[in-house]
Chemist: 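My questions will all concern the structure given below.
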Amino acid sequence: VTPTDWALIFGNSALSALLLRAGAEKLVKTKVAATALDELFPRVRSDLTGIVRLAAVLEAIAAIAVATPELRLPAQPFVGALGLAFLVLGMLGKARGSRQPCGCLGASSARPLGTTNVLMGLALLTVVLLNIEIVRPGNATAVAVSTSFLTVIISVVWLFWTSRQRIRLVIGNVRKETEPES
Amino acid sequence: MMVVGAIALLLLTAAIVVLYAMMGELAARVPDPDGNSANHVAPLADFTRGAAPTIYPTGLASLAHQARMALVVLSPICTTCDKVAAELANYDPDEIGLPFGVVVSTSTRETGEEFVERHTLHRFPYVVDEGATWITGSLGVKMSPSALVFENGVLTEAFTFSNVQAILGRIVKVRQGVS
């Protein structure tokens, strides 16, 4: 595995973990992101939950595709479109003084559309450029397998991190139950 | 073969992430028995943003033309609302920092009036909204306790909350963000 392969592994696994989580959270909690879009486009009268749901499905598909050798390159236009969408929405949110939580990562995303989304969009576009630049990795199988494993590790650590309070609570309860009576 | 195994593992992780999101959504709907969510304030997703009621109930008429004001929606049948109403009893309406009214959403007028009396909510501008006709019909709000922020008569923000201090902190924070 060459240094450029490692760049591809780290870039794609971070991208895949981010899109996987964003897609899953938005799929379940559609309303928060739809409300943020409603605020950004007040003239659009129709319900935007369908668009949010579609974006969530595209994010999840792109997350799996970038880790699959045959789909990695064909997926890049979709990832690029998502990156561009994040960038434009972030810029619009900043310009129009958006105040609704963006719901990009579900209900836990308290920040409105703005700088974070612009940075996220730029990060996605950077990874797209990296993928286009490295058409043939040194060891395609190793890159695909490592990307999948690293995505799994990042996703699991991220889930544990966001659930740390609940985990502490559960561990505390278990300890209480196992304490011997004096 | 290894690639297939890795992709399968990735799909399994995707399923776990979706399951986690679903569990989080369910957990958010269950009150914390230890009261650890006492400072919980979350944006309300279901409300009519930009609604500008043309008719205000008589009890809230004094708030209709305020540049900025807030309404708190409470229901006598919700435990958290009871707690919030008891906390409100400790607040002086003039010290809250912005014009502030209470909407008691209830099925019968008697239950609503009893709730207002029990928690001395009549110190605030208030209305007993029988059948939630005004709050749901004019503002699309179906949840309590919730706090609605109006600017120049337009509903701009809505939150769910479980603690008066926390929601006041949030509303003041939002106001500072605007200026």
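Here is the naming used below: chain letters follow the sequence lines, and residue numbers restart at 1 for every chain.
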Chemist: Does the distance from a Lys or Arg side-chain N to an Asp or Glu carboxylate O, for B/K83 and B/E87, drop under 4.0 Å?
Modeler: no
Chemist: Heavy atom to heavy atom, less than 4.5 Å: which residues from residues 142-149 of chain A reach chain B?
Modeler: A/A144, A/V145, A/S148, A/F149
Chemist: Which residues in residues 152-160 of chain A have any heavy atom lying under 4.5 Å from a heavy atom of chain B?
Modeler: A/V152, A/S155, A/L159
Chemist: Please check if any side-chain donor atom of B/Y91 sits under 3.5 Å from a side-chain acceptor atom of B/Q165, or the reverse.
Modeler: no
Chemist: Applying ring pair (Phe, Tyr, Trp, His ring centres under 6.0 Å), can you list everything that pairs with B/F100, at least two apart in sequence or on another chain?
Modeler: B/F124
Chemist: Using the rule given for side-chain contact (heavy atoms from CB on, under 4.5 Å), can you reason through A/L89 versus A/L37, listing the C-alpha separation, both sets of side-chain angles and the distance that settles it, and then say yes or no?
Modeler: CA-CA 9 Å; A/L89 287 174; A/L37 287 182; 3.9 Å; yes
Chemist: Enumerate the ring pair (Phe, Tyr, Trp, His ring centres under 6.0 Å) contacts for residues 43-63 of chain B, please, sequence neighbours excluded, ordered by first and then second residue.
Modeler: B/Y56-B/W134
Chemist: Given the rule in the side-chain contact (heavy atoms from CB on, under 4.5 Å) test, do B/D82 and B/F115 qualify, once you have shown the distances and angles that lead to the verdict?
Modeler: CA-CA 8 Å; B/D82 213 46; B/F115 183 77; 3.5 Å; yes
Chemist: So, for A/G80 and A/V128, which heavy atoms are closest and what is the spacing to 0.1 Å?
Modeler: N-CG2, 3.6 Å
Chemist: So, do A/L8 and A/R72 sit near enough that their side-chain heavy atoms are less than 4.5 Å apart?
Modeler: yes
Chemist: Please determine, among B/V4, B/L44, B/I7, the option with the most heavy-atom pairs under 4.5 Å with chain A.
Modeler: B/I7
Chemist: What residue, out of B/V17, B/I16, B/L11, has the most heavy-atom pairs lying under 4.5 Å from chain A?
Modeler: B/V17
Chemist: When only pairs under 4.5 Å are counted, which of B/G50, B/A6, B/A42 shares the most heavy-atom pairs with chain A?
Modeler: B/A6
Chemist: Can you find a heavy atom in the side chain of A/N131 that is under 4.5 Å from one in the side chain of A/V66?
Modeler: no
Chemist: Would you say that more than 12 heavy atoms from the other residues, nucleotides or ligands in this model lie under 6.0 Å from the CG of A/L54, or not?
Modeler: yes
Chemist: Would you indicate whether B/M69, at its atom CE, is surrounded by more than 12 heavy atoms from other residues, nucleotides or ligands within a distance under 6.0 Å?
Modeler: yes
